[in-house]
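Take a look at the structure below.
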Amino acid sequence: MRACANRSFLFAPADHPRRAEKAFALGADAVILDLEDAVALAEKPAARAAARAALARPRSCAAYVRVNAHDTEFCYADIEALVSPDLDGIVLPKLESVAQLECIDWLLANLERARGLAAGATDLVPIVETARGAAAIRELATAGSRVRRLAFGAGDYTADLGIDWSLAEEELLPIRSEFVLASRLGRLEPPVDTVFIHIREAAAFRASCERGRALGFQGKLCIHPDQVGPANAAFAPGAEEEARAARIVAAFEAAEAGGVASIQVDGYFVDYPIYEKARRVLETANRIRAAAPPA
């Protein structure tokens, strides 16, 4: 599993080789080859071969495949066809129960063993996007599986619940907050935020990214190349934010060494919680730099 900054996950249809190849060159932290919504039912079996071919090509970012949901006739064959050293991870749509999660985790473990891969080598990113999944989200986050982060899918979620998905997304605040809470409860990484379907609304997309980051998400699912750059920028600490975090960390650690655990930095009160938050900002910035491809 290659290092990934997790700011942008760009979908590309697995059965369109040119679009898939182009997606890997657009600066996303990860590309998700899609076997689910982007592929017609009759083309799903054939799309697996196209996905395998795309995974085998050289690339500078992580490569995931969104398989079909657990309760479809395609899921098992999708996963069986794709687990290999070329695959960084599986994106599992419409996860709704711990039983489904355990089933997929078991399948991946056995395929890894049979194919000589390290245990846990295949990342698993579930998309929670239904009422049943949302109701079980804390159980899913604390299940103790290979899952490192959850992703939110607002398209299916709003359709399932009959919610009007507005440009400003106020109606998504409760479920987004629940994703962050559940992820922390399960000691997972921060979650990955939903796609944004208004492709021509660039300012609204940037605002959606900023809302997601402010709520505690670490990145964004993207459905258009133009969304990659804004997502990468929104979910990375800016130069000023990183410099401020560095000042806080340095000053607090010096004070703590002298027996003091509450200080002021730039006129801002700093104690352990503020120090920990600043330290996470620096960790995020360092992770992004470490995952960047060589110039």
Side-chain angles (χ1 to χ4, degrees), residues 4-41 43 47 50-51 54 59-66 91 93-94 125 127-130 134 150-177 179-180 190-238 288:
C4 183
N6 299 333
R7 299 165 299 172
S8 56
F9 291 77
L10 177 62
F11 282 103
D15 60 343
H16 286 261
R18 289 184 181 177
R19 291 174 64 182
E21 183 177 4
K22 181 180 178 182
F24 283 109
L26 293 172
D29 289 330
V31 168
I32 303 173
L33 301 172
D34 193 12
L35 295 177
E36 193 209 14
D37 289 343
V39 179
L41 288 175
E43 300 301 318
R59 61 180 188 274
S60 59
C61 68
Y64 288 72
V65 175
R66 178 165 70 173
V91 175
K94 299 180 178 67
V125 182
I127 305 180
V128 178
E129 49 189 335
T130 65
L150 301 172
F152 174 38
D156 281 286
Y157 180 78
T158 53
D160 193 28
L161 274 69
I163 296 172
D164 289 334
W165 189 1
S166 69
L167 197 65
E169 302 181 321
E170 293 97 338
E171 62 284 344
L172 301 183
L173 177 59
I175 185 62
R176 276 173 157 161
S177 298
F179 265 86
V180 176
V192 178
D193 199 17
T194 180
V195 300
F196 190 80
I197 59 174
H198 303 278
I199 294 173
R200 296 183 180 179
E201 298 286 351
F205 176 75
R206 289 193 297 271
S208 179
C209 291
E210 293 295 343
R211 279 191 294 273
R213 185 185 177 195
L215 285 169
F217 286 79
Q218 69 167 312
K220 190 82 166 166
L221 299 175
C222 300
I223 55 174
H224 191 276
D226 290 347
Q227 295 177 338
V228 170
N232 285 347
F235 288 97
I288 290 170

May I ask you to decide if the ring planes of Phe179 and Phe217 are parallel, tilted or perpendicular, using 30° and 60° as cut-offs? tilted
For Phe24 versus Ala54, what's the shortest heavy-atom pair and its separation? CE1-O, 4.4 Å
What pair of heavy atoms forms the shortest contact from Gly212 to Phe235, and how long is it? C-CE2, 4.1 Å
Any side-chain heavy-atom pair of Pro191 and Val180 under 4.5 Å: yes
Is the closest side-chain heavy-atom distance between Asn6 and Ile288 below 4.5 Å? no
Just one of Ile127, Leu33, Leu221 clears the side chain to side chain contact (heavy atoms under 4.5 Å, CB included) bar with Arg66, so which one? Ile127
Is the shortest side-chain heavy-atom distance between Ile32 and Val65 below 4.5 Å? no
For residues Gln227 and Ser8, is any side-chain donor paired with an opposing acceptor at under 3.5 Å? no
Measure from the side-chain N and O atoms of Glu171 to the backbone N and O of Ser166, and report whether any donor-acceptor pair falls under 3.5 Å. yes
Any Phe196 side-chain heavy atom under 4.5 Å of Leu167 side chain: yes
Please confirm whether the backbone N or O of Ala204 pairs with a side-chain atom of Ser208, one donor and one acceptor, at under 3.5 Å? no
Write down the atom of Gln218, the atom of Pro190, and the distance for their closest heavy-atom approach. NE2-O, 2.8 Å
Between CG of Asp164 and OG1 of Thr158, what distance do you get to the nearest 0.5 Å? 8.5 Å
Looking at Arg211 and Asp193, does any basic side-chain N land under 4.0 Å from a carboxylate oxygen? no
A side-chain contact here means heavy atoms from C-beta on lying under 4.5 Å apart; do Arg19 and Pro225 qualify? no
Please name the pair of heavy atoms, one in Tyr64 and one in Ala62, separated by the smallest distance, quoted to 0.1 Å. CE1-CB, 3.9 Å
Taking Asp226's backbone N and O only, do any of them form a donor-acceptor pair with His224's side chain (distance below 3.5 Å, no angle check)? yes
Test item: side-chain donor near acceptor, Thr194 and Lys220, under 3.5 Å: no
Over all atoms of both residues, closest heavy-atom pair of Val31 and Ala12: CG1-CB, 4.4 Å
Just by modelled atom types, is the Gly27 backbone N or O under 3.5 Å from a matching donor or acceptor in the Asn232 side chain? yes
Hey, is the main chain of Lys94 close enough, under 3.5 Å, to the side chain of Glu129 for a donor-acceptor pair? yes
Side-chain contact test, heavy atoms from C-beta onward, threshold under 4.5 Å: evaluate it for Phe152 versus Leu172 and give yes or no. yes
Could you go through Phe9 and Val91, starting from their C-alpha distance and side-chain angles, then the distance that decides it, and tell me whether this counts as side-chain contact (heavy atoms from CB on, under 4.5 Å)? CA-CA 11 Å; Phe9 291 77; Val91 175; 6.0 Å; no
Asp37 side chain near Asp156 side chain, heavy-atom distance below 4.5 Å: yes
Closest heavy-atom pair, Ser177 versus Leu215, reported as atoms and distance to 0.1 Å, is OG-CD2, 4.1 Å
When rounded to the nearest 0.5 Å, the distance separating CG of Leu10 from NZ of Lys22 is 10.0 Å
Could you tell me if the side chain of Leu150 sits less than 4.5 Å from the side chain of Val125, heavy atoms only? no
Given the rule in the side-chain contact (heavy atoms from CB on, under 4.5 Å) test, do Tyr157 and Val128 qualify, once you have shown the distances and angles that lead to the verdict? CA-CA 8 Å; Tyr157 180 78; Val128 178; over 6 Å; no
